[in-house]
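First up is the structure itself, then whatever we jot down about it.
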Amino acid sequence: MTFIIGGARSGKSAHAETLVTACRGPWTYIATAQAHDDEMRERISLHQSRRGEGWATVDAPLDLAGALAALPDGRPVLIDCLTLWLTNHMLAEHDFEAECRQLADVVSRPRGPWFVVSNEVGQGIVPDNALARRFRDAAGRLNQQVAAVADTVLLMVAGLPLKVKRDDRY
Amino acid sequence: MTFIIGGARSGKSAHAETLVTACRGPWTYIATAQAHDDEMRERISLHQSRRGEGWATVDAPLDLAGALAALPDGRPVLIDCLTLWLTNHMLAEHDFEAECRQLADVVSRPRGPWFVVSNEVGQGIVPDNALARRFRDAAGRLNQQVAAVADTVLLMVAGLPLKVKRDDRY
Amino acid sequence: MTFIIGGARSGKSAHAETLVTACRGPWTYIATAQAHDDEMRERISLHQSRRGEGWATVDAPLDLAGALAALPDGRPVLIDCLTLWLTNHMLAEHDFEAECRQLADVVSRPRGPWFVVSNEVGQGIVPDNALARRFRDAAGRLNQQVAAVADTVLLMVAGLPLKVKRDDRY
């Protein structure tokens, strides 16, 4: 399992797509985004248009574990992205800490080449509002949980991957 | 002296604790946090409960140099963290630039394995308010001053250390 | 062409100056900053006073491509910085996406040792206001475009360079 973390517009999704399509297809794209507004709809359609033939798209704004369980063994998967999935659970007032623990457990036992994308959101000034601080804490903890069980962790900087953790078993 | 920098919830303190406890104890934890509100109190007690036996805790919200001077030679120390200490000096309207220079001077001559934790706060959008911008500038400068005199500098990314500067003397 | 990216007060300009002055002078400093207010004027004069003899300063808040075209071949140049230049174009309501494409094209064919400085602004919480989000997206895309054509990319962390991309041709 490869974990790809980076800031906004750091090229996370594009790099992850390159890594996934280097595996033998078909490929599955698991989208966690929900098109609440026009800005979001535009981002989603931009991402979709960049992916071409050979991709199946699965929407999983909340039940990411279920979407992963439904996949056949060996299927290359791009999960994009954890921070939106976490946002959806927080907005729905679910027990997001339990959800995070369950998800980290599921991705720790990948049944194929799984690529997980997430945002780094903790390197700015402390946010004014308490909800943003809670989100920042939860996202940071989730990122740590997933990075801990990943084989490879990449930090995206201006479209380029910086290796943070490398699987030395191969 | 090892300098550990990273975003919020990037695993700085936990990683620093691992490094400190790899040294022979007893260990000293120098806390710069002040429990102004419940949120802060909760964070402090979370950090305390994670540390176990063998730790002495010293509170030094302002006089970090004094707390370090009072320690015996050779004592492994975790200073957590510089950005809160800087916040305390700025809120108290002290000459924080002089304080920063003095602190950088003190940690440049460590009397044992000293581990210093700080936050990266400059990788977000320029903050709206002038105080946040002043803090961001001051924190960035302080981080540069301490990193310049550190033997080892680690950037924490999702709980994993990325080596930025390595002591090649050993 | 060397691309130097980092957060606020991460030591980008100082490190870039060190790299430029390691080349044979005279050196050209292309400043994109506009002194809108006292805070900005102070930053500009701080940067100027740090640079000494042997530097020519060119102001290019908007026409960066023109300023670069006017330089003689082989001249070491420090372009400081892309994010302010982008801000100027966005505030002027220019077609900034076209400007970014043109600039990336110009710096992809450097006529000497060119050093380009930019800010990482995408690693904080999603900004509240739409303009800040647009800027963050545009800056991230511009950084990717320039990094893609750079020979060397450095991420500044607390004043220290972390190599993200290295030119292996030399």
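Chain naming here is simple, since letters A, B, ... match the order of the sequence lines and numbering starts at 1 in each.
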(request) Measure distances from C:Val164 to the heavy atoms of chain A and classify the residue's part below 4.5 Å as side chain, backbone, both or neither. (result) both
(request) Taking atom CG of A:Asp63 as the centre, report whether more than 12 heavy atoms of other residues, nucleotides or ligands fall under 6.0 Å from it. (result) yes
(message) Only pairs of heavy atoms separated by less than 4.5 Å count here; which of A:Gly122, A:Ala8, A:Gly124 has the most with chain C?
(response)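 Among A:Gly122, A:Ala8, A:Gly124, the one with the most close pairs to chain C is A:Ala8.
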(request) Identify which of A:Pro161, A:Ser10, A:Gly6, A:Ala14 forms the greatest number of heavy-atom pairs closer than 4.5 Å to chain C. (result) A:Ser10
(message) Please give me the minimum heavy-atom distance between A:Ala158 and C:Ala147, naming the atom from each residue.
(response)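 Closest approach of A:Ala158 to C:Ala147, heavy atoms only: O-CB, 3.3 Å.
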(message) Can you tell me how far apart CD (C:Gln123) and CD1 (A:Ile5) are? Round to the nearest 0.5 Å.
(response)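 Answer for the CD-CD1 pair, C:Gln123 versus A:Ile5, is 8.0 Å.
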(message) Would you compute the distance between atom CG of C:Leu155 and atom CG of A:Leu155 and round it to the nearest 0.5 angstrom?
(response)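 One gets 7.5 Å once the value is rounded to the nearest 0.5 Å.
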(request) Please list, in residue-number order, every residue in residues 129-144 of chain C that has a heavy atom less than 4.5 Å from any heavy atom of chain A; write 'none' if there are none. (result) C:Arg133, C:Arg136, C:Asp137, C:Gly140, C:Arg141, C:Asn143, C:Gln144
(message) Strictly less than 4.5 Å between heavy atoms, which residues of residues 98-117 of chain C line up against chain A? Please order them by number.
(response)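 Against chain A, none of the residues of residues 98-117 of chain C fall inside the cut-off of heavy atoms under 4.5 Å.
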